[in-house]
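See structure below.
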Amino acid sequence: MKLTDFESKALEKIKEIPEGKVSSYKKLARAIGFPEAARAVGNALHKNPRLIRVPCHRIVKNDGSLGGYAGGAKKKTALLKKEGVRFEGGKIINFKENLYRFR
DNA sequence: GAATTGACCAGCT
DNA sequence: AAGCTGGCCAATT
């Protein structure tokens with residue numbers, strides 16, 4: 001199954017996120033070139049090429065909430081926790097500090 | 001090719 | 001502060 005340009009770009013951008021950092025769908029979309037395509041980005045990740053191919057668990061909502069995960073939100077939280085991101089009630093505590101900015 | 005869907009976002013109530 | 005509505009985008013049916 002081939003990926004579309006949009007998905008490819010999104011995945012590439014996500015790939016460059018370092019461990020322990022997170023980003024939002026909106027910012028990722030903006031990095032790609034579609035500042036208002038957060039929804040499309042989320043969708044691209046939802047029908048992920050293969051789970052684990054890209055650190056999609058490092059992408060959360062713009063508000064700091066978890067959002068969703070193809071393998072289960074639980075897994076997502078666990079992974080992030082393992083990487084050093086702290087959560088509280090399903091939301092990131094120092095979201096801003098763990099936020100990775102694309103260039 | 002049109003309509004529906006979905007891991008979102010911002011604004012309003 | 002929490003919940004609802006409308007709006008944007010690409011992929012799928």
Side-chain angles (χ1 to χ4, degrees):
Chain A
M1 156 124 181
K2 239 167 66 150
L3 298 174
T4 64
D5 286 339
F6 200 80
E7 294 178 337
S8 304
K9 281 178 192 165
L11 295 171
E12 289 295 311
K13 289 291 176 189
I14 294 173
K15 274 189 213 152
E16 81 174 67
I17 299 178
E19 191 177 289
K21 297 267 185 187
V22 294
S23 185
S24 67
Y25 298 92
K26 186 76 180 293
K27 295 200 169 150
L28 178 59
R30 186 160 43 161
I32 296 170
F34 294 80
E36 308 276 298
R39 214 167 184 179
V41 171
N43 222 352
L45 299 186
H46 182 210
K47 290 147 187 158
N48 207 319
R50 312 272 177 182
L51 195 61
I52 286 204
R53 180 135 174 194
V54 122
C56 8
H57 54 271
R58 289 181 193 154
I59 304 296
V60 294
K61 292 213 246 172
N62 198 30
D63 221 281
S65 321
L66 267 176
Y69 190 58
K74 276 166 47 188
K75 199 94 182 175
K76 184 172 183 177
T77 319
L79 286 166
L80 286 171
K81 268 183 174 177
K82 255 189 257 177
E83 299 203 346
V85 184
R86 282 190 236 182
F87 279 91
E88 193 154 314
K91 286 188 193 144
I92 300 180
I93 298 175
N94 33 1
F95 172 57
K96 232 180 151 200
E97 311 200 358
N98 287 310
L99 183 60
Y100 173 77
R101 305 184 194 212
F102 296 99
R103 52 170 144 156

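Small disclaimer: the values here were computed from a predicted structure and weren't measured. In what follows, chains carry the letters A, B, and so on, assigned in the order in which the sequence lines appear, proteins first and then strands, with residues in each chain numbered from 1.
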[X] side-chain proximity, nearest of [options]:
X: A:Phe6; options: C:dA11, B:dA7, B:dA10; result: C:dA11
X: A:Ser24; options: C:dC8, B:dC9, B:dA7; result: B:dC9
X: A:Ala40; options: C:dC9, B:dG6, B:dA10; result: C:dC9
X: A:Thr4; options: B:dA7, C:dA10, C:dC8; result: C:dA10
X: A:Arg39; options: B:dA7, C:dC8, B:dC9; result: C:dC8
X: A:Glu7; options: B:dC9, C:dA11, B:dG6; result: C:dA11
X: A:Lys61; options: B:dA7, C:dC9, B:dC9; result: B:dC9

Using whole Å, what does the distance between atom [atom2] of nucleotide [N] and atom [atom1] of [X] come to?
X: A:Ile92; N: B:dA7; atom1: CD1; atom2: P; result: 19 Å
X: A:Ile32; N: C:dA11; atom1: CD1; atom2: P; result: 11 Å
X: A:Asp63; N: B:dA10; atom1: CG; atom2: P; result: 8 Å
X: A:Lys26; N: B:dG6; atom1: NZ; atom2: P; result: 22 Å
X: A:Lys91; N: C:dA2; atom1: NZ; atom2: C1'; result: 10 Å
X: A:Lys47; N: B:dC8; atom1: NZ; atom2: P; result: 12 Å
X: A:His46; N: C:dC9; atom1: NE2; atom2: P; result: 21 Å
X: A:Leu45; N: C:dA11; atom1: CG; atom2: P; result: 12 Å

* Shared hydrophobic cluster for A:Val60 and A:Ile93 (ILVMFWY, side-chain gaps under 4.5 Å) ->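 They do not share one cluster, since no chain of ILVMFWY contacts under 4.5 Å joins A:Val60 to A:Ile93.
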* To do: May I ask whether A:Tyr69 and A:Leu80 are part of the same hydrophobic cluster, defined by side-chain heavy atoms of I, L, V, M, F, W, Y residues being less than 4.5 angstrom apart, directly or through others?
  => no
* **Greater than 12 external heavy atoms within 6.0 Å of A:Asp5's CG** =>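 No, because the 6.0 Å sphere around CG of A:Asp5 holds 12 heavy atoms or fewer from other groups.
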* May I ask you to evaluate whether A:Lys27 reaches the phosphate of B:dC9, defined as a side-chain N or O under 4.0 Å from OP1 or OP2? => no
* Short side-chain N/O contact from A:Asn43 to OP1 or OP2 of B:dT5, under 4.0 Å -> no
* Asked: Looking for any heavy atom pair under 4.0 Å, which part of the strands does A:Tyr25 touch: base, sugar-phosphate only, or nothing?
  ->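 Base, at least one base heavy atom under 4.0 Å.
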* **Closest non-hydrogen atom pair between A:Lys75 and A:Gly71, with its separation** => CB-O, 4.2 Å
* Is A:Glu12 salt-bridged to A:Lys15, going by a charged N under 4.0 Å from an acidic O? ->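 A salt bridge is present here (some side-chain N lies under 4.0 Å from a carboxylate O).
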